[in-house]
S.K.: 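One structure, as structure tokens, below. Some questions next.
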Amino acid sequence: MTKQGFDLVLRDAVLATAGDTCRADLGIVDGRIVQIGRGLAPGMCEIDVAGRVVTPGGIDAHCHLDQPMAPPVKLADDFFTGTRSAACGGTTTVIPFAAQRKGATVQAAIDDYHQRAGGRACVDYAFHLILTDPTPTVLAEELPRLIEAGYSSFKLYMTYDALKLSDAQILDVLDVARVHGGMAMIHAENSDCIAWLTRRLEASGRTAPRFHAVSRPMLVEREGAHRAIALSELIDVPILLVHISGGEAVAQIREARAKGLNVYAETCPQYLLLTAADLGTDDSYFGARCVCSPPPRDKSSQEQIWQGLADGLFTVFSSDHSPFNLTGEDGKMPGGQQVAFRHIPNGIPGIETRMPLLYSEGVLAGRISLNRFVELTATQPARAYGLYPRKGTLAIGSDADLVIWEEREFTLANEHLHHAVDYTPYAGMTLRAWPAMTLLRGQVVWDGKRFTGAPGQGKFLPRGLPSLAPPSARKGTRPDWR
Ligand code: URP
Ligand code: ZN
Ligand code: ZN
């Protein structure tokens with residue numbers, strides 16, 4: 001506290017962290033938490049929280065904002081609209097992806113991404129890398145330098161022709177991660193199986209959106225997850241499997257954990273709340289709105305994902321916000337209503353609804369504890385991606401990124417949201433909670449009715465190394481081949 005006292009005091013809050021819940025006041029100076037206790041001295045400003053729950057601001061560690069796409073397709077959200085939407089749903093840090101173009105450097109993608117985000121982001125941000133061309137120079141020089149410079153996580157794709165790496169290329173990158181630290185995030189699906197099934201389905205005229213799920217059955221994700229785990233075991237390095245959709249992939253992760261492997265996992269709201277039925281029927285094209293990869297599965301998969309959220313299997317809960325409009329040439333139906341599923345851009349919006357959906361359907365429905373909610377939406381993302389303890393918790397010295405929760409029931413409509421997308425897949429759902437207020441470094445950016453932040457208010461966050469469990473290699477083991 002300075003001589004002048006606190007800039008802001010939150011009075012009488014139920015403060016929830018990943019470990020504890022306590023009723024106290026919280027004092028803020030210069031955008032940081034400086035004191036937590038009862039009967040704090042008056043602040044220049046005061047917010048009477050009146051016994052409501054306050055959690056750390058959310059970290060959405062998997063979202064796509066202003067990421068270049070193959071024309072005519074375009075993401076609807078840039079850094080302004082995407083982070084405005086994030087703030088209104090309780091998220092104060094986002095980590096989207098800077099994607100390397102084949103034949104170009106990774107640095108070129110980062111430079112481009114700084115241009116897109118700078119002066120536009122309304123919440124704090126960092127960048128994961130997407131590595132599509134791990135040349136000898138990238139592996140020996142660029143990636144180690146970038147990890148050191150604060151870009152300490154990178155996504156590797158096992159599918160999508162423009163992005164995918166071979167197993168040998170994945171091993172090369174994992175080997176760099178083992179030596180230099182950093183977190184490899186893996187999109188695990190078997191590319192050849194998807195391509196083969198897609199050709200078969202198209203040959204028999206089965207091209208409606210619902211066949212997207214038929215072309216990517218659970219087993220292609222199960223096989224991808226199994227292979228990714230084996231590659232990480234060979235190199236003896238942690239990995240984080242992103243957007244896990246169902247029971248068979250969950251089983252692979254459980255088996256890996258039982259063997260003591262550092263395999264972490266992410267899931268997303270779509271795998272809790274949507275099923276393949278949302279992709280429509282044989283001749284319905286409206287289902288394009290729910291096409292994402294992996295696709296939503298079935299009720300039993302939803303139950304197994306909930307189980308993994310409750311029992312600690314999942315490390316992080318992200319949105320995988322991939323915002324395409326339903327209408328228009330650049331959105332979900334390029335070429336018109338009858339677009340074949342192969343041409344529907346993959347991904348659905350969800351940056352604003354991520355936290356309220358999990359609070360409503362998880363905490364208030366009794367499926368997960370409030371502390372586990374904080375762990376999944378803020379603390380573990382901060383640890384996994386090198387932002388802890390500056391972000392992700394309520395502690396002395398941490399940024400005062402805060403969400404004050406209000407429990408109220410309402411029916412969600414796209415008009416409530418602040419993204420630039422013309423739909424939400426969750427329209428019509430009953431929600432039981434929404435942020436009454438979101439604060440970014442002590443500044444109110446959402447007051448329960450209006451976005452009160454500004455473009456450029458978000459700062460870039462260079463990151464440290466992950467601080468989840470240390471890799472087993474650093475505990476003294478060494479694979480035979482090394
Ligand atoms: O369908 C999805 N998930 N689209 C976004 C890109 C990705 O693979 O995360
Ligand atoms: Zn992916
Ligand atoms: Zn994604």
Side-chain angles (χ1 to χ4, degrees), residues 59-70 73-77 82 86 91 94-100 109 113 126-132 153-165 170 183-191 194 198 209 211-213 215-216 220-221 224-225 227-228 239-246 249 264-274 276 278-279 287-297 305 316-326 331-332 334 341-351 354 381 384-385 419 421 425:
I59 300 177
D60 194 343
H62 186 156
C63 54
H64 303 268
L65 299 176
D66 205 7
Q67 191 177 318
M69 299 280 142
V73 169
K74 197 172 177 306
L75 285 181
D77 278 319
T91 289
V94 295
I95 319 183
F97 297 85
Q100 179 195 19
Y113 232 45
F127 303 145
H128 301 297
L129 310 173
I130 292 176
L131 300 178
T132 60
S153 49
F154 24 88
K155 186 170 177 190
L156 313 177
Y157 282 83
M158 291 177 136
T159 188
Y160 295 127
D161 288 343
L163 303 171
K164 73 180 179 195
L165 302 185
I170 293 174
M183 180 63 83
M185 310 160 73
I186 304 196
H187 178 132
E189 287 184 296
N190 182 308
S191 197
I194 296 166
T198 301
F211 294 106
H212 170 77
S215 76
R216 307 175 101 103
V220 311
E221 186 184 344
R227 188 156 34 100
I239 52 167
L240 191 147
L241 293 168
V242 292
H243 44 49
I244 292 299
S245 73
Y264 305 110
E266 170 199 82
T267 193
C268 316
Q270 47 272 39
Y271 305 118
L272 298 172
L273 301 167
L274 304 177
D278 291 299
L279 271 61
R289 75 197 197 291
C290 292
V291 165
C292 58
S293 292
R297 307 289 181 190
I305 299 288
V316 295
F317 185 75
S318 310
S319 70
D320 195 4
H321 180 73
S322 309
F324 300 101
N325 277 318
L326 197 52
K332 279 290 200 182
F341 72 81
R342 176 203 284 275
H343 303 295
I344 299 172
N346 286 196
I348 61 177
I351 203 165
R354 174 185 75 115
Y385 299 119
H419 57 195
V421 192

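Computed from a predicted model, the values in this text were never measured in an experiment. FYI, the numbering just counts along the sequence from 1. Whatever order the structure lists ligands and atoms in, that order sets their numbers, starting from 1.
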S.K.: At distances under 2.8 Å, what protein N, O or S atoms surround the Zn ion (ligand 2)?
M.R.: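 Lys155 NZ, His187 ND1, His243 NE2, with waters left out.
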S.K.: Which distance, rounded to the nearest 0.5 Å, do you find between the OG1 of Thr132 and the CG of Leu156?
M.R.: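 Going from OG1 on Thr132 over to CG on Leu156, the span is 10.5 Å.
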S.K.: Does a side chain donor of either Glu266 or His62 reach within less than 3.5 Å of an acceptor in the other side chain?
M.R.: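 Their side chains do contain a donor-acceptor pair, which is all the 3.5 Å distance test asks for.
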S.K.: In terms of side-chain heavy atoms, does His64 have a donor or acceptor partner in His321 at a distance below 3.5 Å?
M.R.: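 The criterion, which ignores hydrogens and geometry beyond distance, is not satisfied for His321 and His64.
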S.K.: So, Asn346 and Ser293: side-chain donor and acceptor under 3.5 Å apart, yes or no?
M.R.: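 Result is yes, a qualifying pair exists.
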S.K.: Does NZ belonging to Lys155 count more than 12 external heavy atoms closer than 6.0 Å?
M.R.: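 Enclosed: over 12 neighbouring heavy atoms sit under 6.0 Å from NZ of Lys155.
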S.K.: With a 3.5 Å cut-off and no angle check, do the side chains of Asp77 and His419 form a donor-acceptor pair?
M.R.: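 There is no such pair between these side chains.
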S.K.: Ser318 and Arg354: side-chain donor and acceptor closer than 3.5 Å?
M.R.: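 No donor-acceptor contact under 3.5 Å links the two side chains.
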S.K.: Are Thr198 and His212 close enough that a side-chain donor and a side-chain acceptor fall under 3.5 Å?
M.R.: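 No, His212 and Thr198 have no side-chain donor paired with an acceptor closer than 3.5 Å.
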S.K.: Is the backbone N or O of Met158 less than 3.5 Å from a side-chain atom of Glu189, with the two atoms forming a donor-acceptor pair by type?
M.R.: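 No, Glu189 side chain to Met158 backbone: no donor-acceptor pair under 3.5 Å.
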S.K.: Can you list every protein residue that has a heavy atom under 4.0 Å from any atom of ligand 1, sorted by chain and residue number?
M.R.: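 Shell around ligand 1 (4.0 Å, heavy atoms): His62, His64, Lys155, Tyr157, Tyr160, His187, His243, Cys292, Ser293, Asp320, Ser322, Asn346, Gly347.
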S.K.: Distance only, no hydrogens: is a donor on one side chain within 3.5 Å (strictly under) of an acceptor on the other, for Asp66 and Tyr113?
M.R.: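 Short answer, no.
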S.K.: Using a distance threshold of 2.8 Å, state whether an N, O or S atom of His62 lies below it from the Zn ion (ligand 3).
M.R.: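 Looking at His62, which is the residue asked about, there is an N, O or S atom under 2.8 Å from the Zn ion (ligand 3).
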